[in-house]
Amino acid sequence: MSLRDRLRQQPKADQNTILTRFGVLSNPFPTSSQTSGNPHYPIPEDSEAENRILSFIRDENSEVLVVLGTQGVGKTNFLNYLESEIADAMVELDDFYIVRYMADPEPSFDGIIRTILQELGTDHLKNVAKELNSNNAPLDKLKSFDLRQALFKLMKAPDDEEILRRAMEWLLGFRLLNVHRDTLGVSFRLDTVESRTAVLREYILLSSELRLLKGIFLLLDELEKQAGVLGPTAVVRYLSSMRAIIDALPKHLFLVIALTPDALRRYSSALPAFRSRLENQITLRPLLDYDEAQKLARFYLDEAKKAAARAEEVELGNDELVTEQEMADAFANAKRASERRGDEGVRQREFLNSLHSIAEQKIQALNA
């Protein structure tokens, strides 16, 4: 039977059928490709990360948190959880924080600096100009002559959209044209990581002094990919730029870096000075025994049943979508595969993908 024929025969009440049989809206287990948008299974490492976030919000001293783990143990899920928790907490606090999760950082640190500046945006630049006016704050503390010139021009006309646009272009490192020189009074383009880092540092510290910015939460995922994409020299340049931004901002920056232990070793060898900035580590481990795996599977099932109960007002079925024996068999198979690879434990992603396949077979059988 062709796919077209199967789609034509698909019952419209398929979701209700799943509900009344298994008590869930859809397959509760993610496939190996579905790394985002999944429920977060509570782990002891949550508290450690939350305590560091609380310390940062209290003291505003910068912190770098490294999330270590092999592929498939839940680093992306952990960062998604942190992003969600931080964003929820910001609702209760003064809205002076930026929270940015980058799932796929560019192979140049320029992109990260540009992202921070874009996140602040022209509205923040306008507010800085207005606060400088109302506070009569001196600009002579700024080391960058061009930044002083640009902000001085903005102070005189904070609502001038042309000046705001040109100032933002200059901050982002656009090509320096005569119109930028005439409008802002700047002389040099911000065309190096060093120059952008220096200006970003002064811009953030000034924003903090004006009480317009308390801090930046920056979460970088999949950082190990840089080793595969970049050559040795480019990797050192990337790490040096990251170290520079960490050192340039002793306050107001909470940086979370997720990468594999192997990548950390390679980066430490490429730039030993970088390793000393990465001492605060949280290690995520694979599933070491069936009890851990069973709790994880049960958590996903329970979350799916809770969602179904909230969404529908029909009688929910109690049939087991995945039985205890099927869970045990899936874990045993995954453990054998892991041992053949020489890995320790079973990766959460691999185990959940196996459960997805088992559950999908039973869901598809409803329409047979």
Side chains of [X] and [Y], heavy atoms from C-beta outward: is any pair under 4.5 Å?
X      : Y      : value
Glu202 : Arg148 : no
Leu200 : Leu171 : no
Leu151 : Leu206 : yes
Asp343 : Thr70  : no
Ser187 : Asp146 : yes
Ser62  : Ile246 : no
Phe145 : Val186 : no
Glu48  : Asn280 : no

If you round to the nearest 0.5 Å, how far is [atom2] of [Y] from [atom1] of [X]?
X      : Y      : atom1 : atom2 : answer
Leu278 : Leu264 : CG    : CG    : 6.0 Å
Leu355 : Phe29  : CG    : CZ    : 5.0 Å
Glu360 : Ser26  : CD    : OG    : 9.0 Å
Leu117 : Thr115 : CG    : OG1   : 9.0 Å
Asn27  : His356 : CG    : NE2   : 4.5 Å
Leu218 : Ile98  : CG    : CD1   : 9.5 Å

So that I can tick it off, tell me whether [Y] and [X] are bridged by a salt bridge, with the cut-off set at under 4.0 angstrom between side-chain N and carboxylate O.
X      : Y      : answer
Arg336 : Glu339 : no
Lys251 : Glu60  : no
Arg165 : Glu161 : no

How about Phe217 and Phe56: are their ring centroids closer than 6.0 Å?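 Between Phe217 and Phe56, the centre distance is under 6.0 Å.
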Looking at Tyr81 versus His40, is the centre-to-centre ring distance below 6.0 Å?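 Yes.
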[X] side chain to [Y] side chain, donor-acceptor N/O pair below 3.5 angstrom:
X      : Y      : value
Ser47  : Glu50  : no
Gln34  : Asn38  : yes
Ser354 : Ser357 : no

Should Ile43 and Asp46 be marked as a side chain to side chain contact (heavy atoms under 4.5 Å, CB included) after you check the CA-CA gap, both sets of side-chain angles, and the distance that decides it? CA-CA 6 Å; Ile43 54 178; Asp46 294 347; 3.3 Å; yes
What closest approach, in Å, do [X] and [Y] show between heavy atoms, and which atom pair accounts for it?
X      : Y      : value
Lys75  : Val67  : CD-O, 3.8 Å
Arg196 : Leu190 : NE-O, 3.0 Å
Lys126 : Asp159 : CD-OD1, 3.8 Å
Ser32  : Thr35  : O-CG2, 3.9 Å
Met90  : Ile57  : CE-CD1, 3.9 Å
Pro286 : Glu344 : CG-O, 2.9 Å

Would you please test Arg52 and Glu63 for salt bridge (charged side-chain N to carboxylate O under 4.0 Å, His left out) and show each step? CA-CA 8 Å; Arg52 293 185 184 280; Glu63 180 149 8; 2.8 Å; yes
Set out, in order, the CA-CA distance, both residues' side-chain angles and the distance that settles salt bridge (charged side-chain N to carboxylate O under 4.0 Å, His left out) for Asp247 and Arg277, then state yes or no. CA-CA 9 Å; Asp247 294 348; Arg277 277 73 172 176; 2.7 Å; yes
Same hydrophobic cluster for [X] and [Y], using side-chain heavy-atom links shorter than 4.5 Å among ILVMFWY?
X      : Y      : answer
Leu172 : Trp170 : yes
Leu205 : Val128 : no
Phe174 : Val193 : yes

Could you give me the CA-CA distance, side-chain angles and deciding distance for Glu292 and Arg285, then say whether salt bridge (charged side-chain N to carboxylate O under 4.0 Å, His left out) is met? CA-CA 11 Å; Glu292 291 181 6; Arg285 303 190 182 281; over 6 Å; no
Side-chain donor/acceptor pairs under 3.5 Å, residues 295-309, sequence neighbours excluded:
| from | atom 1 | to | atom 2 | distance (Å) |
| --- | --- | --- | --- | --- |
| Arg298 | NE | Glu324 | OE2 | 3.2 |
| Arg298 | NH2 | Glu324 | OE2 | 2.7 |
| Tyr300 | OH | Pro39 | O | 3.3 |

Do the rings of Phe331 and Phe351 sit parallel, tilted or perpendicular, given the 30° and 60° boundaries?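 The arrangement is perpendicular - the two ring planes meet at more than 60°.
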Using the side chain to side chain contact (heavy atoms under 4.5 Å, CB included) rule, take Ile282 and Leu284 through it: C-alpha gap first, then chi angles, then the decisive distance, then the call. CA-CA 7 Å; Ile282 288 178; Leu284 304 184; 4.2 Å; yes
Just jot down the side chain to side chain contact (heavy atoms under 4.5 Å, CB included) partners of Ser36, sequence neighbours excluded, or say none.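 For Ser36, the residues satisfying side chain to side chain contact (heavy atoms under 4.5 Å, CB included) (neighbours in sequence not counted) are Thr76, Asn80.
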Could you please spell out the steps behind the side chain to side chain contact (heavy atoms under 4.5 Å, CB included) verdict for Leu176 and Arg181? CA-CA 8 Å; Leu176 188 66; Arg181 294 187 176 94; 3.6 Å; yes
As a quick check of understanding, evaluate salt bridge (charged side-chain N to carboxylate O under 4.0 Å, His left out) for Lys153 and Asp160, giving each step before the final call. CA-CA 10 Å; Lys153 292 285 187 179; Asp160 190 313; over 6 Å; no
Using modelled atom types only, decide if a donor and an acceptor are shared between the side chain of Arg189 and the backbone of Gly173 within a distance under 3.5 Å.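 Answer holds: yes.
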Checking the side chain of His124 only, and the main-chain atoms of Gly121 only, is there a donor and an acceptor separated by less than 3.5 Å?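 No: the side chain of His124 does not pair with the backbone of Gly121.
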Could you list the donor-acceptor pairs under 3.5 angstrom formed by side chains in residues 252-260, with sequence neighbours left out?
| from | atom 1 | to | atom 2 | distance (Å) |
| --- | --- | --- | --- | --- |
| His252 | ND1 | Lys214 | O | 3.1 |
| His252 | NE2 | Ser208 | OG | 3.1 |
| Thr260 | OG1 | Ala263 | N | 3.2 |

Around atom CZ of Arg341, are there more than 12 heavy atoms from other residues, nucleotides or ligands closer than 6.0 Å?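 Enclosed: over 12 neighbouring heavy atoms sit under 6.0 Å from CZ of Arg341.
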Quick one: do Glu131 and Asn127 satisfy side chain to side chain donor-acceptor pair (under 3.5 Å)? Show the steps, please. CA-CA 6 Å; Glu131 283 298 317; Asn127 291 334; over 6 Å; no
Derivation and outcome, side chain to side chain contact (heavy atoms under 4.5 Å, CB included), residues Tyr97 and Leu213: CA-CA 6 Å; Tyr97 291 89; Leu213 180 69; over 6 Å; no
Check against side chain to side chain donor-acceptor pair (under 3.5 Å), Glu326 and Thr323: CA-CA 5 Å; Glu326 288 169 332; Thr323 65; 3.3 Å; yes
